[in-house]
Amino acid sequence: MQRALSVSRMTGNRSTFPDWYQAIVREADMAEVSPVRGSMIIKPWGYGVWERIQQVMDRRIKEMGVDNAYFPLFIPLSFFAKEAEHVEGFAKEMAVVTHHRLKSIDGKLQPDPEAKLEEPLIVRPTSETIIGDAFSRWVKSYRDLPLKINQWANVVRWEMRTRLFLRTSEFLWQEGHTAHASGEEALASTLEALEMYRAFSESVLAMPVIAGEKPENERFPGAANTFSIEAMMQDGKALQAGTSHYLGTSFAHAQNIRYQSDSGEMEFCHTSSWGVSTRLIGGVIMTHGDDDGLRLPPAIAPRQIVVVPMLRGKEEDAAVLAFAKALVKDLNAQFALGEPIRALLDDRDQKSADKRWNWVRRGAPVIIELGPRDAAGGQVSYMRRDVLRDGDKVKSHQAPRDEFVANAPALLAQIQQALYDEAKARLEANIRTDLTAFDQVAEYFGQVSDEDEETAAFKGWVRAPWSRPTGEALEAVVERLKALKLTLRNAPTDQPATFGPCVFTGQPGVEEILIGRAY
RNA sequence: CGGAGUGUGGCUCAGUCUGGUAGAGCACCGCGUUCGGGACGCGGGGGUCGCAGGUUCAAAUCCUGCCACUCCGACCA
């Protein structure tokens, strides 16, 4: 028996994990590289996952009292110049539009020198500036606050190195932007978004994360505080899966977002911004994929239950098809995880064995195979994608048809939970909290390079107290970590009451910080 | 942009050292036999061998330049 995935995942094996990831993206029909450097084509199955993310998250964003709007793709260059840190942070990766017309010169189509823009336009890398500009006109009085806007959009950041879903030059995301009268309120809004992301990631993506505050060196350009959710991939690396920023009044100052308070004073707003992107899909792949392909949590699977009829070009086919159609209809009338079930009858003219494995690779949570025996006996045979095999053997379950339909919501909920539990157990088992000195951290992570790559042990993260140094002291810490390919991930929101000495300096610790390799 | 590697049908690769009619497996199309665990037989379609020059009677193969991709580093959601 040959598996479609020629590349085998070996957890913790750094040399094959990237190959395994790419194999899944391809075999699961998620996306492909496009002719455009650094940009991908998101295929229907991959885009279907993104649509699921949009649908579920959009509802939660609106529950936060945030409305959707849309702002321009092009941002005047001068807008970026207003916030020094911000422009410095993004300057190196901006796509710039300089002309508005092409002309054939010497037989070559090129930008018409006569059609140069007076002011270059930036293809948005993020929209703080253009939205801030609108906010400055929209906000007059304290009665206009808080102002909470979200947009679903594409953004462009000219990246050196790209990886499908994880980092592409153009990517899809949502960006929330809020303006408030007080810093406390803006910070609360920042943390509310962070909590929304944490809950979404865990309950919808079945991807456990650790929410916390980014250290100073990892802050969003121009932000006062940056918070993130960090997920652990199956190679032990951390993936920053979402960020939320408290921007203080720096953008309000830069863009003159002011309001008149109830006492008549002109005050600067406090703003926040927060976002998640198509990177989440990369996280889902690296969290739930296995050697047979992708495994999708039912909440984001474009199709949760796929029925593959076993057709043989004989007269019994009619009964099987009729049985399958009625089954899909009844399943779609059911609700699971708070939404109508998404079941599909795959009646494509292909060998049923091929179709079955096609859905296995794509990660459909439940795959039903219906043959004449099932149709005659009024039963269904199905596979759970989360526990596909028993040893090397594919595990098939049987149930009476009506019972299966009635239990489908529970089954999907169970699969959702099982995927989460599995990932949660891996996360918890791989955060070391017993390393109290930098030497121990260095030894723990440093061992990887000394070992044979094929047998290198899985390394997760270290959680240890530190003294939260700033400025040059922080830079020194970052440099020491960099030598080990390590980064500071975040200081988890959930902190103990007392702390041991700082793992880097031995000084009194003030909080615990997560350390790990990262994407 | 630095280091390493790779570019040959849709996918995975052999062939390159030693120049001599472009190959295999999978996928695809047709026919037949099969189908409840990634079937088999026979027949077929599909590649200007990453691009551009050069050497040669002859280039996937040798030389020069360029490009793309992958991995590592710098940058980052």
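Letters go in sequence order (proteins before strands), and every chain restarts at 1.
- For the P atom pair drawn from B/U12 and B/G50, the interatomic distance equals 15 Å after rounding to whole Å.
- Looking at the side chain of A/Arg26, the nearest of the listed nucleotides B/G36, B/U12, B/G37 is B/U12.
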Please tabulate, for the side chains in residues 315-323 of chain A, all donor-acceptor contacts under 3.5 angstrom to protein atoms that are two or more places apart in sequence or on a different chain.
from: A/Asp317; atom 1: OD1; to: A/Arg312; atom 2: N; distance (Å): 3.0
from: A/Asp317; atom 1: OD2; to: A/Arg312; atom 2: N; distance (Å): 3.3
from: A/Asp317; atom 1: OD2; to: A/Gly313; atom 2: N; distance (Å): 2.7
from: A/Asp317; atom 1: OD2; to: A/Lys314; atom 2: N; distance (Å): 3.4

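- Each of A/Lys393 and A/Gln350 lies near RNA chain B, and the nucleotide nearest A/Gln350 is the one positioned closer to the 5' end.
- The nucleotide B/A27 finds no pairing partner, because no Watson-Crick or G-U wobble arrangement with both distances shorter than 3.5 Å includes it.
- Using a 4.0 Å heavy-atom distance criterion, A/Ser352 is classed as making no nucleic acid contact.
- Atom CG of A/Asp354 is separated from atom P of B/G36 by 12 Å (rounded to the nearest Å).
- Under the 4.0 Å criterion applied to side-chain N and carboxylate O atoms, A/Asp292 and A/Arg389 are assigned as salt-bridge partners.
- In this structure, B/G73 and B/C1 make a Watson-Crick or G-U wobble pair, each of the two defining distances being under 3.5 angstrom.
- Straight-line distance from the CD atom of A/Glu32 to the P atom of B/C69: 14 Å, rounded to whole Å.
- In the interface, the side chain of A/Arg356 is not paired with the base of B/G38 through any donor and acceptor atom under 3.5 Å apart.
- When heavy atoms are screened at a 4.0 angstrom cut-off, A/Gly371 is found touching base atoms of the nucleic acid.
- The separation of B/U18 from B/A59, taken at their C1' atoms, amounts to 14 Å, rounded to a whole angstrom.
- Of the candidates B/U70, B/G36, B/C72, the closest approach to any side-chain atom of A/Lys237 belongs to B/C72.
- The distance between atom CG of A/Leu388 and atom P of B/G38, rounded to the nearest whole Å, is 13 Å.
- B/A14 and B/A74 have their C1' atoms separated by 37 Å, given to the nearest Å.
- Residues A/Ser127 and A/Gln151 have side chains that bring a donor and an acceptor to within less than 3.5 angstrom of each other.
- Here A/Asn150 pairs with A/Asn68, A/Gln174 under the side chain to side chain donor-acceptor pair (under 3.5 Å) rule; sequence neighbours left out.
- As a whole-Å value, the separation of A/Met310 CE from B/U34 C1' is 12 Å.
- Of the P atoms belonging to B/G45 and B/G2, the separation is 47 Å, rounded to the nearest Å.
- Nearest to the side chain of A/Ala353, among B/C71, B/A39, B/G36, sits B/A39.
- In this structure, A/Glu475 atom CD and B/A74 atom P are separated by 13 Å, rounded to whole Å.
- Side-chain atoms of A/Thr126 and A/Arg124 include no donor-acceptor pair closer than 3.5 Å.
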Margin query: Let's go through A/Thr168 and A/Glu170 carefully: what are the C-alpha distance in whole Å and the side-chain angles of both, what is the deciding distance for side-chain hydrogen bond (donor to acceptor under 3.5 Å, both in side chains) to 0.1 Å, and is it a yes or a no?
Written below: CA-CA 5 Å; A/Thr168 47; A/Glu170 178 185 4; over 6 Å; no

Taking only nitrogen or oxygen atoms into account, show me every contact under 3.5 Å that the protein makes with nucleotides 75-77 of chain B, one pair per line with its distance.
from: B/C76; atom 1: O2'; to: A/Glu159; atom 2: OE2; distance (Å): 3.4
from: B/C76; atom 1: O2; to: A/Arg167; atom 2: NE; distance (Å): 2.1
from: B/C76; atom 1: O2; to: A/Arg167; atom 2: NH2; distance (Å): 2.1
from: B/C76; atom 1: N3; to: A/Arg167; atom 2: NH2; distance (Å): 2.4
from: B/A77; atom 1: O3'; to: A/Gln240; atom 2: NE2; distance (Å): 2.1
from: B/A77; atom 1: O2'; to: A/Gln240; atom 2: O; distance (Å): 3.3
from: B/A77; atom 1: O2'; to: A/Arg279; atom 2: NE; distance (Å): 3.4
from: B/A77; atom 1: O2'; to: A/Arg279; atom 2: NH1; distance (Å): 2.8
from: B/A77; atom 1: N6; to: A/Thr168; atom 2: N; distance (Å): 3.2
from: B/A77; atom 1: N6; to: A/Thr168; atom 2: O; distance (Å): 2.6
from: B/A77; atom 1: N3; to: A/Ser277; atom 2: OG; distance (Å): 3.0

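- For A/Phe90 and A/Phe80, the ring centers are positioned 6.0 Å apart or more.
- Nucleotide B/C66 has B/G50 as its partner under the Watson-Crick or G-U criteria, with both atom distances under 3.5 Å.
- The NZ-P distance, from A/Lys351 to B/U33, rounds to 16 Å in whole Å.
- For B/C40 and B/C35, the C1' atoms lie 11 Å apart once the distance is rounded to whole Å.
- Between A/Glu32 and A/Arg26 no salt bridge is recorded (no basic side-chain N to carboxylate O distance below 4.0 Å).
- For A/Arg163 and B/C71, the shortest distance from a side-chain N or O to OP1 or OP2 is below 4.0 Å.
- For B/A60, there is no paired nucleotide, since no Watson-Crick or G-U wobble pair has both relevant distances below 3.5 Å.
- As the counterpart of B/U33, B/A39 is assigned, both hydrogen-bonding distances of the Watson-Crick or G-U wobble pattern falling under 3.5 Å.
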